[in-house]
Amino acid sequence: MGLLNLVLLGPPGSGKSTQAEFAVKRLGLAHVDMGASLRKVAQEPSGFGKKLNEIINVRKELVPDSVIVRVLERIFRTIPSRQGLILDGAPRRSSQIAGVEKVFSETERVLMKVIYIRLPEEESVARIAIRYACLQCGKPFVLGKDGVDAHVPCMICGGALEQRKDDTPEGVRKRLEIFSQETLPVIDYFKSQGKLLEVDGTKDPEEIFQDILKGLHITMK
Ligand code: AMP
């Protein structure tokens, strides 16, 4: 099999980061986290950072396609050519498809499969309401799970736990609306290309990963 180059799509709370983490640890892939990379730039005090903060955290909209392509080009070039990758969160609308495909081809990578983690809207809303992350190391936590409490420090680094700025009920509704209007057509496109691998996001994370491996015809020792 050639180098594994994957795209991962799904609504908020569908478990993209968890699956990407599995892919990093068990398949040795590099994780390209579009949302996290953009959120990092949005914290910068520069004019560009402020503009991204306004789009992501205030208006809760998608950032312009040209920014996506620029950021991706930069990240792809830092990944060794012999390492596969999992791109989490792009393309998120049809107008990004050509740009993202161009970044793959320019860096001599073949996009093998697009993994779509399916999740009902109510489940997405319920999961986001209890999703917290460490402000310091970024580790995600689920409130009420494994003794996690919003007032208890991060068990990895001791940092404070907080909800993402765009993880408000209104922010999730908006992102779900964007997902169904803008991202579902992208998923249809990859389906028509024979590249789609759809998995059930309501299952246990380990089971979902096994479904992904099966869909990719990978057997692990
Ligand atoms: P995420 O962490 O994937 O939920 O992404 C957080 C935010 O970053 C989104 O709500 C968008 O504002 C922005 N974002 C992430 N990926 C993209 C993309 N492919 N196109 C445009 N905006 C994006």
Side-chain angles (χ1 to χ4, degrees), residues 2-12 14 16-17 19-21 23-24 27-117 138 164-166 171 174-198:
L3 206 59
L4 258 188
N5 290 301
L6 306 169
V7 158
L8 186 57
L9 297 174
S14 56
K16 296 190 292 288
S17 303
Q19 295 305 321
E21 207 176 297
V24 168
L27 301 173
L29 303 186
H31 179 197
V32 182
D33 187 338
M34 200 69 242
S37 310
L38 294 170
R39 283 198 307 276
K40 209 158 155 201
V41 181
Q43 283 175 357
E44 292 171 6
S46 62
F48 184 54
K50 285 186 184 140
K51 189 175 148 201
L52 282 198
N53 180 55
E54 164 79 17
I55 298 173
I56 297 172
N57 295 317
V58 182
R59 304 208 313 254
K60 298 169 175 88
E61 290 169 358
L62 293 180
V63 310
D65 299 345
S66 56
V67 174
I68 297 301
V69 172
R70 212 173 348 133
V71 170
L72 272 187
E73 265 169 355
R74 215 174 55 199
I75 302 174
F76 270 44
R77 294 198 189 283
T78 65
I79 302 169
S81 58
R82 292 175 63 184
Q83 185 180 19
L85 61 82
I86 184 157
L87 168 58
D88 168 356
R92 221 129 133 167
R93 61 176 159 214
S94 298
S95 55
Q96 290 177 4
I97 295 175
V100 171
E101 286 183 333
K102 194 165 145 258
V103 178
F104 271 93
S105 61
E106 276 175 0
T107 48
E108 287 166 41
R109 293 181 182 272
V110 178
L111 171 58
M112 192 184 262
K113 282 276 179 207
V114 174
I115 301 162
Y116 166 36
I117 311 181
R164 257 171 59 172
K165 285 201 193 86
D166 57 346
K174 183 89 182 266
R175 270 142 68 218
L176 279 171
E177 201 180 295
I178 294 177
F179 183 81
S180 70
Q181 284 173 9
E182 312 250 29
T183 313
L184 285 180
V186 174
I187 289 166
D188 286 342
Y189 165 79
F190 285 116
K191 192 171 191 173
S192 73
Q193 300 276 303
K195 287 200 172 170
L196 197 72
L197 167 54
E198 193 169 330

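No experiment lies behind these values; they were computed from the predicted model shown.
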Self-check item: Side chain Glu182, main chain Arg92, donor-acceptor under 3.5 Å
Solution: no
Quiz item: For the residue pair Glu61 and Ile178, what are the closest heavy atoms and their distance?
Solution: CA-CD1, 4.1 Å
Quiz item: Judged by atom type as modelled, is there a donor-acceptor pair below 3.5 Å linking the side chain of Lys174 to the main-chain atoms of Arg59?
Solution: yes
Exercise. Identify the heavy atoms of Pro91 and Leu9 that sit nearest to each other, and give their distance.
Key: O-CD2, 3.6 Å
Quiz prompt | Spacing of CD1 belonging to Ile86 relative to NZ belonging to Lys16, to within rounding of 0.5 Å | solution = 11.0 Å
Quiz item: With a 4.5 Å heavy-atom cut-off, do Val63 and Ile68 have their side chains touching?
Solution: yes
Exercise. Please lay out, stage by stage, how Val100 and Leu87 fare under the test side-chain contact (heavy atoms from CB on, under 4.5 Å).
Key: CA-CA 10 Å; Val100 171; Leu87 168 58; 3.9 Å; yes
Quiz item: Should Tyr116 and Leu184 be marked as a side-chain contact (heavy atoms from CB on, under 4.5 Å) after you check the CA-CA gap, both sets of side-chain angles, and the distance that decides it?
Solution: CA-CA 10 Å; Tyr116 166 36; Leu184 285 180; 3.7 Å; yes
Exercise. Please list all pairs passing the salt bridge (Lys or Arg N to Asp or Glu O under 4.0 Å) test where one or both residues lie in residues 69-85, with sequence neighbours left out.
Key: Arg77-Glu106
Exercise. Any chance you could measure Leu27, atom CG, to Leu6, atom CG, to the nearest 0.5 Å?
Key: 8.0 Å
Self-check item: Interatomic spacing from CZ in Arg175 to CG in Leu62 - rounded to 0.5 Å
Solution: 10.5 Å
Practice problem: Please examine the side chains of Val114 and Val186, heavy atoms only from C-beta on, and report whether any two atoms are closer than 4.5 Å. | Solution: no
Quiz item: Does some side-chain heavy atom of Val67 sit less than 4.5 Å from a side-chain heavy atom of Phe48?
Solution: yes
Quiz prompt | Minimum-distance pair of heavy atoms, taken over all atoms of Ser95 and Asp65 | solution = OG-OD2, 2.6 Å
Practice problem: Could you check if a side-chain atom of Arg109 sits within less than 4.5 angstrom of a side-chain atom of Leu85, using non-hydrogen atoms only? | Solution: yes
Quiz item: Hey, does the side chain of Thr107 reach the backbone of Phe104 with a donor-acceptor pair shorter than 3.5 angstrom?
Solution: yes
Quiz item: What is the minimum heavy-atom distance between Leu196 and Lys191, and which atoms define it?
Solution: CB-CA, 3.8 Å
Self-check item: Ala30 to Gln83 - nearest heavy-atom pair and separation
Solution: N-NE2, 3.5 Å
Quiz item: Under the side-chain contact (heavy atoms from CB on, under 4.5 Å) criterion, do Val69 and Lys102 qualify, and how do the steps go?
Solution: CA-CA 9 Å; Val69 172; Lys102 194 165 145 258; 5.5 Å; no
Exercise. Report yes if some heavy atom in the side chain of Ile79 is under 4.5 Å from a heavy atom in the side chain of Val32; otherwise report no.
Key: yes
Self-check item: Over all atoms of both residues, closest heavy-atom pair of Leu111 and Asn5
Solution: CD1-O, 3.6 Å
Self-check item: Under the side chain to side chain contact (heavy atoms under 4.5 Å, CB included) test, residues paired with Asn57 that sit two or more places apart
Solution: Asn53, Lys165, Asp166
Quiz prompt | Heavy atoms from other residues, nucleotides or ligands near NZ of Lys51 exceed 12 (cutoff 6.0 Å) | solution = no
Quiz item: When rounded to the nearest 0.5 angstrom, what distance separates CE in Met34 from CD1 in Ile75?
Solution: 5.5 Å
Quiz item: Got a second to check how far Leu52's CG is from Ser37's OG, nearest 0.5 Å?
Solution: 11.0 Å
Quiz item: How many angstroms lie between atom NZ of Lys113 and atom CD of Gln193, to the nearest 0.5 angstrom?
Solution: 11.5 Å
